[in-house]
There are 2 protein chains.
Amino acid sequence: MASGARGALTREAVLEAAAGLVRRRGPDALTMRGLAAELGTAVTSIYWHVGGREALLDALVERTVAGLGEIRPSGRTPEQRVLSVARALRRQLRDHPHLVALVHERGLTERMFLPAQRVLVREAHAAGLRGARAAEFVRAVQFQVVGHVLVERNRERAPAQHPGEPELWRAGSAGDDPALARALARPVDTERLFVTAVRALVRSLLAPHGV
Amino acid sequence: MASGARGALTREAVLEAAAGLVRRRGPDALTMRGLAAELGTAVTSIYWHVGGREALLDALVERTVAGLGEIRPSGRTPEQRVLSVARALRRQLRDHPHLVALVHERGLTERMFLPAQRVLVREAHAAGLRGARAAEFVRAVQFQVVGHVLVERNRERAPAQHPGEPELWRAGSAGDDPALARALARPVDTERLFVTAVRALVRSLLAPHGV
DNA sequence: ACCTGAACACCGTTCAAGT
DNA sequence: ACCTGAACACCGTTCAAGT
């Protein structure tokens, strides 16, 4: 069972084992006792090296966020470049599904988004936005992307939806629009929806006319 | 300590007490043993009436969602009416902060959003959207609103943000735009940001031109 | 049909004790 | 400085037994 039992126990070894556990079996599977068993030490040793469970989760989040890698925009127009940043960010978050849950639980979304924020500021400037309007643009995109990923993950974990969207739309309640009823009965193409929504948002906010 | 100890124990009484506990002290405070103590019964009685903790939470979510009340759009243009629906929905979700967390955890966002979905379909039609485009519009708004509320709640629970957004933007890293730096250093006006983002999204998606 | 206490298999955390 | 086992105060759930 023990994986990294050789040598003296270090803070790094504890975090490594904890990260592996979370990656493989989710945050709920991270128990102090289970982790200790995996490390081949007494539970209390973990307390000495990294502190209690809360401190451990904090350190874990910090570690993973730091290792996310930077985001490079691509495309010719500001709209394309912002969209590429949004997609890259979504991809990063989706590649670390448990991390998103962890960060969400701990209220650290802000922290996670900081690198992308810098990139977005540059794009806002390139598009001619300044001051408060640029700030609003950056935050709107930030909320949009993170929010979308949260909802998306939520749906993936969802059990068989209780009333079941399909049945609910099979009846004639769609105002005589069978194509709409069919579309709503189909599962959502979240990738496509994401692109559509981000593009719509960005297009509006980058448009020259005032509010 | 006991609150509703009189009379025979019923499923309804258990759910009522559980709902009160969650409202007052959050989902984590809902323990089978604590609930039993509040009801003045043995823990095992709860199992007889509503089943285990998971079943209890499911019933609780179902109950609260059912009691949310319908949403009536207001305003003259489709854009205004959709915005009013979005605001009403955000308000509902914010009025039941623990519920949002519960629904999110259980992956029932879909279920919660169904009534609003019907209203949005009508507005999409009024704006001239049909079929797949109408469906896409409805879902984009849905993801936007729910996502925003999730991020918003996340930030509210956030501890003092570690690096602290303000300090990070006080340096000159904002590309020579002091007004932007100041804006990003200020706390977010989430209400305003919500309206801006929803309006931008809706405006783009309701615009006549194709993609 | 309804309710009970005892027991099982878990938790996180603290603390005094070892080396 | 580092690691240990024992103990404390919790959990959710099961089960046999009561009325």
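Letters go in sequence order (proteins before strands), and every chain restarts at 1.
We find that CH2 of A:Trp48 is positioned 4 Å from P of D:dC2, with the value rounded to whole Å. Note: CZ (A:Arg11) to C1' (D:dC3) measures 18 Å, nearest angstrom. Rounded to an integer number of Å, the gap from A:Met32 CE to D:dA7 P is 21 Å. In this structure, B:Leu56 places its CG atom 14 Å from C1' of D:dT13, rounding to the nearest Å. Atom pair B:Leu39:CG and C:dC3:P shows a separation of 11 Å (rounding to whole Å applied). In this entry the distance linking CG of B:Asp28 with C1' of C:dC11 reads 14 Å, nearest Å. Between the CG atom of B:Leu35 and the C1' atom of D:dC11 there is a distance of 14 Å, given to the nearest Å. Separating the CZ atom of A:Arg53 from the C1' atom of D:dC10 is a distance of 15 Å, rounded to the nearest angstrom.
For A:Tyr47, whose side chain is taken as the heavy atoms from C-beta onward, the closest listed nucleotide among D:dC3, C:dT14, D:dT4 is C:dT14. For A:Arg33, counting side-chain heavy atoms from C-beta on, the closest listed nucleotide (C:dC11, D:dT4, D:dT13) is C:dC11. Distances were taken from every side-chain heavy atom of B:Val43 (C-beta onward) to each of C:dG12, D:dC3, D:dT13; the shortest belongs to D:dT13. Closest contact between the side chain of B:Ala8 and the listed nucleotides D:dT4, C:dC3, D:dA1 involves C:dC3.
The partner of D:dA17, taking Watson-Crick or G-U wobble pairs whose two distances both stay under 3.5 Å, does not exist in any strand shown. Using the Watson-Crick or G-U wobble rule with both distances under 3.5 Å, D:dG12 pairs with C:dC8.
Separation of atoms CG (B:Leu129) and CG (B:Leu120) is listed at 11.5 Å; rounding is to 0.5 Å. Atoms OG1 and CG, on A:Thr41 and A:Leu9 in that order, are 5.0 Å from each other to the nearest 0.5 Å.
Residue side chain A:Thr44 reaches the base of D:dG5 through a donor-acceptor N/O pair under 3.5 Å, judged by distance alone.
Looking only at atom types and distance, the side chain of A:Glu152 has a donor-acceptor partner in the side chain of A:His148 under 3.5 Å away.
The phosphate of C:dA1 has neither OP1 nor OP2 within less than 4.0 Å of any side-chain N or O from B:His49.
Within a 6.0 Å radius of CZ in A:Arg72, no more than 12 heavy atoms belonging to other residues, nucleotides or ligands are found.
Taking for each of A:Ala42 and B:Glu54 the nucleotide of DNA chain D with the nearest heavy atom, the 5'-most of the two is the partner of A:Ala42. Nearer the 5' end of DNA chain D, as judged by each residue's closest nucleotide, is the contact made by A:Thr10, out of A:Thr10 and B:Gly51.
By the 6.0 Å and 45° rule, B:Arg90 stacks over the aromatic ring of B:Phe194.
Using a 4.0 Å heavy-atom distance criterion, B:Thr31 is classed as a sugar-phosphate-only contact.
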